[in-house]
Amino acid sequence: QVQLVESGGGLVQAGGSLRLSCAASGRTFSSSAMGWFRQTPGKPREYVASITATGDSPNCIGSVKGRFTISRDNAKNSVYLQMSSLKPEDTAVYYCNAGRYSGPFYVTGDYWGQGTQVTVSS
């Protein structure tokens, strides 16, 4: 079982940066792929980025490519999302997830954090 706690969200002006952190507890973190998702009211949760258990092959959606970077530190049981050049459309609650890969595709697992709010003002 994995417990996930996100932090690092906040209010930032467009063009600014934030670094989200997700601290994990549990024995399976280092063997789990990890993903970041985001959700705005009335919309489904959206995949943002993911990374393998060993930190290889970070991936992200096109709308954040070149602006967001996912990384992890298995020694600290943590995964990060560095966000730069933020835009108002990045405003959402951001969640981390412990999942797995099926081929090149990230598959969500059952474990989610409580989310952290990111608000980007124009």
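- Residue pairs meeting the side-chain hydrogen bond (donor to acceptor under 3.5 Å, both in side chains) criterion with at least one partner in residues 91-100, sequence neighbours excluded, are Arg38-Tyr94, Asn97-Tyr106.
- Rounding to the nearest 0.5 Å places OG1 of Thr69 at 8.0 Å from CG of Leu81.
- Across Ile51 and Asp56, no two heavy atoms sit closer than the pair CG1-O, 3.8 Å.
- In this structure, the side chains of Trp36 and Cys60 stay at 4.5 Å or more apart for every pair of heavy atoms.
- By the side chain to side chain donor-acceptor pair (under 3.5 Å) test, Gln117 pairs with Thr119, sequence neighbours left out.
- Counting heavy-atom neighbours within 6.0 Å of Asp110 CG, excluding the residue itself, gives a total of 12 or less.
- Applying the side chain to side chain donor-acceptor pair (under 3.5 Å) rule to Asn74 yields the partners Arg72; only residues at least two apart in sequence or on another chain are considered.
- Partners of Glu89 under the side chain to side chain donor-acceptor pair (under 3.5 Å) rule, at least two apart in sequence or in another chain, do not exist in this structure.
- Contacts of Ala23 classified as side-chain contact (heavy atoms from CB on, under 4.5 Å), with partners at least two apart in sequence or in another chain: Ser78.
- The CZ atom of Phe68 lies 7.5 Å from the OG atom of Ser63; values are rounded to the nearest 0.5 Å.
- In this structure, the side-chain contact (heavy atoms from CB on, under 4.5 Å) partners of Ser17, at least two apart in sequence or on a different chain, are Gln82, Ser84.
- Taking Arg19 as the reference, nothing meets the side chain to side chain donor-acceptor pair (under 3.5 Å) condition, with sequence neighbours excluded.
- In this view, Asn77 and Phe29 satisfy the side-chain contact (heavy atoms from CB on, under 4.5 Å) rule, not counting sequence neighbours.
- Arg67 pairs by the salt bridge (charged side-chain N to carboxylate O under 4.0 Å, His left out) definition with Asp90, not counting sequence neighbours.
- When every heavy atom of Gln114 is checked against every heavy atom of Leu4, the shortest pair comes out as OE1-O, 3.8 Å.
- A search for ring pair (Phe, Tyr, Trp, His ring centres under 6.0 Å) contacts involving Tyr47 returns Phe37, not counting sequence neighbours.
- Applying the side-chain hydrogen bond (donor to acceptor under 3.5 Å, both in side chains) test to residues at least two apart or on different chains, none of the pairs has a partner in residues 4-16.
- Evaluation of the side-chain contact (heavy atoms from CB on, under 4.5 Å) rule for Ser57 yields Thr52 as partners, not counting sequence neighbours.
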